[in-house]
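Just follow the structure's listing: the first ligand is 1, and inside any ligand the first atom is 1.
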Amino acid sequence: MGQLDNKTALVTGASTGIGLAIARRFATEGATVYLTGRRRAELDTAVAQVGDRGIGVQGDVSQLDDLDRLFAGIEERSGRLDIVVANAGLGDYGPLGKITEEEYERTTSVNLKGTIFTVQKALPLLPDGASVILLSSSAALRAVPGLGVYAATKAAIRSLARTWAAELANRRIRVNALTPGPVETPGGDELRAAFPQDNQSAAAQPAAPTPLGRAGHPDEVAATALYLAGDQSSFTTGAELLVDGGATQL
Ligand SMILES: NC(=O)c1ccc[n+]([C@@H]2O[C@H](COP(=O)([O-])OP(=O)(O)OC[C@H]3O[C@@H](n4cnc5c(N)ncnc54)[C@H](OP(=O)(O)O)[C@@H]3O)[C@@H](O)[C@H]2O)c1
């Protein structure tokens, strides 16, 4: 018996990092899992890791046509979605004074527009009692010089979890924000490497050692996603769960 037997889940941005770990864990717990990502080869490799319960759908969450195609395919194949994890996200190093329009568009279109339309377009497929999980970031809870735009999108995501939880409560659909601190992933490592070496004050380091003395592992975020996805968290909605080694709280 798995915790997610007979459930159908979508994890966006699941070809690497946190999304892949969540997809793997959900499938291990019995769910059928749709994985998305833009790069075909990485997505195929991820689906192979997830196994028989993984279904890859190539696409970009910031492109509404791609989302329409994704949800049409899920409707045809599965008919419903019990769990949505809006995980696809990225960030650029860009201190005030150096923010470019291109970086602004890239970050907001994936993190904010992508999250909003992923959940909105999933809505017709969500049964009463479904679980929606939005990936925020500890960068939204403390000042990380150089991550202003990224942090603003992640603060907005935390806010969306509150509003949507209220809007969907009458259908018992729960919406929660899952907020990692520094986690070792290709995207997280790349973003941290983009910080200039001469700007490594403690406050400027998104990977500053956590009180637990290390960065997190994607599987540790996946364990919390499993909690939010399933019945164990049946009385939790509009909340934010931190997986940050205590970094923002201690
Ligand atoms: N790692 C950390 O330290 C950390 C900390 C706090 C929050 N987070 C958040 O956790 C989430 C996952 O991050 P991660 O560290 O696991 O990143 P990652 O290793 O870069 O993985 C991101 C995944 O999203 C996909 N993706 C990116 N843009 C996409 C788009 N427009 N449409 C569809 N898929 C897209 C990527 O594949 P393609 O490039 O092929 O599309 C990849 O599979 C993000 O929302 C991130 O902001 C991460």
Colleague: Give a yes or no on whether Arg77 atom CZ has more than 12 heavy-atom contacts from other residues, nucleotides or ligands under 6.0 Å away.
Modeller: no

Colleague: Can you tell me which residue and heavy atom of the protein come closest to atom 42 (C) of ligand 1, and the distance to 0.1 Å?
Modeller: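 Going by distance alone, atom 42 (C) of ligand 1 is nearest to Thr16 OG1, 3.3 Å.
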
Colleague: Ignoring hydrogens and angles, tell me if any N or O in the side chain of Arg69 forms a donor-acceptor pair with the backbone of Gly59 under 3.5 Å.
Modeller: no

Colleague: Output yes when Asp5 and Lys7 qualify as a salt bridge under the 4.0 Å nitrogen-oxygen rule, no when they do not.
Modeller: no

Colleague: Any ion pair linking Arg25 and Glu29 (charged N to carboxylate O, less than 4.0 Å)?
Modeller: yes

Colleague: Answer yes or no: are there more than 12 heavy-atom neighbours, outside Leu96 itself, under 6.0 Å from its atom CG?
Modeller: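 Counting other residues, nucleotides and ligands, CG of Leu96 stays at 12 neighbours or fewer.
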
Colleague: Out of Ala215, Ala21, Pro180, whose heavy atom is nearest to atom 6 (C) of ligand 1?
Modeller: Pro180

Colleague: For atom 23 (C) of ligand 1, which protein heavy atom lies nearest, and how many Å away is it?
Modeller: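 It is Gly13 O, 3.2 Å.
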
Colleague: For Pro182, is at least one N or O under 3.5 Å away from an N or O on ligand 1?
Modeller: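 There is no such contact.
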
Colleague: Among the heavy atoms of Gly114, does any lie under 4.0 Å from an atom of ligand 1?
Modeller: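 It does not, in that no heavy atom of Gly114 comes within the 4.0 Å cut-off of ligand 1.
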
Colleague: Under a 3.5 Å cutoff, is there a donor and acceptor pairing between the side chains of Ser78 and Tyr34?
Modeller: yes

Colleague: Within a strict 4.5 Å, meaning less than it, do heavy atoms of the Thr118 and Val84 side chains meet?
Modeller: yes

Colleague: Considering the heavy atoms of Asn87, write down every atom of ligand 1 situated less than 4.0 Å from one of them.
Modeller: 10 (O), 11 (C), 12 (C), 44 (C), 45 (O)

Colleague: Which is it for Ser136 and ligand 1 at heavy atoms under 4.0 Å: side chain, backbone, both or neither?
Modeller: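 Just the backbone.
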
Colleague: Suppose we measure from atom 40 (O) of ligand 1 to each protein heavy atom; which comes out shortest, and what is that distance?
Modeller: Arg39 NE, 2.7 Å

Colleague: With heavy atoms of Gly37 as the reference, note each atom of ligand 1 found under 4.0 Å away.
Modeller: 34 (N), 41 (O)

Colleague: Any idea which protein heavy atom is nearest atom 19 (O) of ligand 1, and the distance to it?
Modeller: Gly187 N, 3.0 Å

Colleague: Evaluate the criterion side-chain contact (heavy atoms from CB on, under 4.5 Å) for residue pair Thr12 and Val85; output intermediate values, then yes/no.
Modeller: CA-CA 6 Å; Thr12 65; Val85 184; over 6 Å; no

Colleague: Are there more than 12 heavy atoms of other residues, nucleotides or ligands under 6.0 Å from atom CG of Asn170?
Modeller: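 Check passes, neighbour count above 12.
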
Colleague: Using a 4.5 Å cut-off on heavy atoms from C-beta on, say whether the side chain of Val183 contacts that of Ile18.
Modeller: yes

Colleague: Output yes when the distance from some N or O of ligand 1 to some N or O of Ser138 is under 3.5 Å, and no in every other case.
Modeller: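 In this structure, Ser138 places no N or O atom under 3.5 Å from an N or O of ligand 1.
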
Colleague: Same cluster or not: are Val132 and Val61 linked, directly or through other Ile, Leu, Val, Met, Phe, Trp or Tyr residues, by side-chain heavy atoms under 4.5 angstrom apart?
Modeller: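 Same hydrophobic cluster.
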
Colleague: Nearest protein heavy atom to atom 46 (C) of ligand 1, by residue and atom, and its distance?
Modeller: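 The closest one turns out to be Tyr150 OH, 3.6 Å.
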
Colleague: Applying a 4.0 Å heavy-atom criterion (strictly less than), which segment of Gln58 is in contact with ligand 1: side chain, backbone, both, or neither?
Modeller: neither

Colleague: Out of Ser62, Gly181, Ser137, Gly188, indicate the one that has the non-hydrogen atom closest to atom 5 (C) of ligand 1.
Modeller: Gly181

Colleague: Report yes if Asp60 has an N/O atom closer than 3.5 Å to an N/O atom of ligand 1; otherwise report no.
Modeller: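 There is such a contact, yes.
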
Colleague: Are any of the N/O atoms in Ala88 less than 3.5 Å from those in ligand 1?
Modeller: no

Colleague: What protein heavy atom is closest to atom 32 (N) of ligand 1, reported as residue, atom name and distance in Å?
Modeller: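 Among all protein heavy atoms, the one nearest atom 32 (N) of ligand 1 is Val61 N, 2.9 Å.
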
Colleague: Give the atoms of ligand 1, by number and element, whose distance to some non-hydrogen atom of Arg192 is under 4.0 Å.
Modeller: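 The atoms of ligand 1 under 4.0 Å from a heavy atom of Arg192 are 3 (O).
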
Colleague: With a cut-off of 4.0 Å, which atoms of ligand 1 are near a heavy atom of Gly59?
Modeller: 32 (N), 33 (C)

Colleague: Which residue supplies the protein heavy atom nearest to atom 14 (P) of ligand 1, what is that atom called, and how far is it?
Modeller: Thr185 OG1, 3.5 Å

Colleague: Which ligand 1 atoms are under 4.0 Å away from a heavy-atom of Val110?
Modeller: 28 (N), 31 (N)

Colleague: Just by distance, do the side chain of Thr248 and the backbone of Asp244 share a donor-acceptor pair under 3.5 Å?
Modeller: no

Colleague: Of the side chain and backbone of Ile18, name the one, both, or neither that has a heavy atom under 4.0 Å from an atom of ligand 1.
Modeller: both

Colleague: Could you work out, for atom 3 (O) of ligand 1, the closest of Val183, Leu67, Leu178, Val11 by heavy-atom distance?
Modeller: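 Nearest heavy atom to atom 3 (O) of ligand 1 lies in Val183.
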
Colleague: Between the main-chain N or O of Ala46 and the side-chain N or O of Ser15, is there a donor-acceptor pair closer than 3.5 Å?
Modeller: no

Colleague: Hey, which atoms in ligand 1 end up nearer than 4.0 Å to a heavy atom of Ser15?
Modeller: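 Counting from 1, the qualifying ligand atoms are 37 (O), 40 (O), 42 (C), 43 (O).
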
Colleague: Would you tell me which option among Lys154, Arg38, Glu184 has the nearest heavy-atom contact to atom 30 (C) of ligand 1?
Modeller: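 The residue whose heavy atom sits nearest atom 30 (C) of ligand 1 is Arg38.
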
Colleague: Hey, does Leu90 come in under 3.5 Å of ligand 1, counting only N/O atoms on both sides?
Modeller: no

Colleague: Are the charged groups of Asp219 and Arg24 less than 4.0 angstrom apart, N to O?
Modeller: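 Counted as a salt bridge, because a side-chain N and a carboxylate O are separated by less than 4.0 Å.
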
Colleague: Is there a donor-acceptor pair closer than 3.5 Å between any side-chain N or O of Thr237 and the backbone N or O of Val175?
Modeller: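 Flag set: sc Thr237 to bb Val175 pair under 3.5 Å.
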
